[in-house]
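Worksheet for the structure shown next.
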Amino acid sequence: MNMTDAAEAVRAFLAPTADTLTIERRWGYVCVWCPQTIPPGQGVSLGGTDDCHPHACPPCLELQTAALTAYLNWNEHVSHCTICRTGPCDTTLTMKHATLRTREQAGWGAAYCACCQRAFGPGEGFMPHVWLGASRVVLSLVHIGPCALPQVSDTY
């Protein structure tokens with residue numbers, strides 16, 4: 001994936017929204033993911049509008065691209081693997097660990113279930129889940145099987 005394609009994919013899936021950025025980050029003077037100052041004409045554009053032109057420094061773009069690529073590859077595998085429909089195969093376990101490692105390196109934060117909002121514990125099974133949010137596609141993770149949510153009683 002070249003830098004233009006990577007920047008486009010990262011912009012579509014990961015770039016922070018304008019309302020979460022400082023003025024300096026909105027105008028591309030500072031990387032959206034780290035405190036690196038970006039001199040004019042440098043950095044990688046993450047798209048823009050009339051009042052927002054975010055940029056990333058090349059090292060951050062590389063980390064975000066690696067994390068995004070690992071996640072999307074894992075999601076692609078899970079959606080096509082017949083073994084993964086009943087339980088994780090060896091390939092998906094390898095891809096899961098690669099995704100978690102690159103997520104951490106890219107600063108994505110703790111992995112948690114999009115359904116029950118709990119962080120995953122050691123040994124818990126989970127898989128990628130892509131869904132359409134209010135304003136963009138959301139890359140998330142969900143438990144394999146039912147979430148460990150408290151059961152609500154039918155009686156009042």
Side-chain angles (χ1 to χ4, degrees), residues 1-81 84-85 88-89 91-122 124-144 147 149:
M1 182 180 291
N2 68 40
M3 285 296 254
T4 303
D5 292 342
E8 193 62 31
V10 168
R11 182 183 66 76
F13 290 110
L14 303 177
T17 57
D19 61 338
T20 64
L21 299 174
T22 63
I23 295 294
E24 293 81 10
R25 286 189 162 100
R26 250 187 216 171
W27 285 100
Y29 302 131
V30 175
C31 176
V32 296
W33 288 291
C34 79
Q36 177 67 42
T37 301
I38 299 176
Q42 305 217 349
V44 182
S45 173
L46 297 176
T49 61
D50 289 340
D51 63 345
C52 187
H53 301 278
H55 281 65
C57 66
C60 281
L61 181 65
E62 187 176 324
L63 288 172
Q64 297 300 320
T65 301
L68 178 60
T69 300
Y71 177 91
L72 293 174
N73 287 341
W74 181 27
N75 183 66
E76 179 75 14
H77 171 80
V78 167
S79 65
H80 291 94
C81 177
C84 285
R85 291 183 187 144
C89 72
T91 300
T92 205
L93 292 174
T94 300
M95 295 175 108
K96 172 184 174 180
H97 293 295
T99 300
L100 291 175
R101 186 174 53 256
T102 58
R103 277 177 60 92
E104 184 179 331
Q105 292 167 344
W108 286 16
Y112 67 93
C113 179
C115 292
C116 69
Q117 303 295 304
R118 279 190 323 106
F120 297 111
E124 283 188 285
F126 57 94
M127 64 184 193
H129 179 66
V130 178
W131 52 283
L132 183 58
S135 62
R136 67 200 285 179
V137 172
V138 178
L139 309 176
S140 64
L141 301 166
V142 293
H143 281 104
I144 295 173
C147 293
L149 288 173

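- The aromatic rings of His53 and Trp27 sit tilted, their planes meeting at an angle between 30° and 60°.
- Here the NE2-OG distance, from His129 to Ser79, works out to 12.5 Å after rounding to the nearest 0.5 Å.
- Separating the CG atom in Asp19 from the CG atom in Leu21 is a distance of 8.0 Å, to the nearest 0.5 Å.
- In this structure, CG in Asn73 is found 9.0 Å from CG in Leu68, a value given to the nearest 0.5 Å.
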For side chain to side chain contact (heavy atoms under 4.5 Å, CB included), just list the numbers for Cys116 and His143, CA-CA rounded to whole Å, side-chain angles, deciding distance to a tenth of an Å, and then say yes or no. CA-CA 9 Å; Cys116 69; His143 281 104; 3.4 Å; yes
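- Within the 3.5 Å criterion, the main-chain N or O of Ala18 finds no donor-acceptor partner in the side chain of Arg25.
- Summarising the local packing, OH of Tyr29 is surrounded by 12 or fewer heavy atoms from other residues, nucleotides or ligands at distances under 6.0 Å.
- Between Tyr71 and Trp108, the angle of the ring planes lies from 30° to 60°, which puts this pair in the tilted group.
- Scanning all heavy atoms of the two residues, the minimum distance from Ile38 to Gly28 falls at CB-O, 3.7 Å.
- Closest approach of Phe126 to Leu141, counting heavy atoms only: CE1-CD1, 4.0 Å.
- Between the CG atom in Leu14 and the CG atom in Leu63 there is a gap of 11.5 Å [rounded to 0.5 Å].
- For Gln105, the CD atom counts as densely surrounded, since its 6.0 Å shell holds more than 12 non-hydrogen atoms of other residues, nucleotides or ligands.
- Closest heavy-atom contact between Trp33 and Ala56: CZ3-CB, 3.6 Å.
- Residues Val78 and Pro128 are in side-chain contact: their nearest non-hydrogen atoms beyond the backbone lie under 4.5 Å apart.
- Between Pro16 and Thr20, the closest heavy-atom pair is CB-OG1, 3.5 Å.
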Legend entry - Stepwise side chain to side chain contact (heavy atoms under 4.5 Å, CB included) check, Glu76 with Leu72: CA-CA 6 Å; Glu76 179 75 14; Leu72 293 174; over 6 Å; no
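- The side-chain heavy atoms of Cys84 and His77, taken from C-beta on, include a pair separated by under 4.5 Å.
- Between the side chain of Gln117 and the backbone N or O of Tyr112 there is no donor-acceptor pair closer than 3.5 Å.
- Distance check: Leu61 CG to Ser45 OG gives 10.5 Å after rounding to the nearest 0.5 Å.
- Residue Cys31 holds its SG atom at 8.0 Å from CG of Leu46, rounded to the nearest 0.5 Å.
- For the pair Arg103 (side chain) and Gly109 (backbone), a donor-acceptor distance under 3.5 Å is present.
- Remark: side-chain polar atoms of Arg26 are not paired, donor with acceptor, to backbone N or O of Pro54 under 3.5 angstrom.
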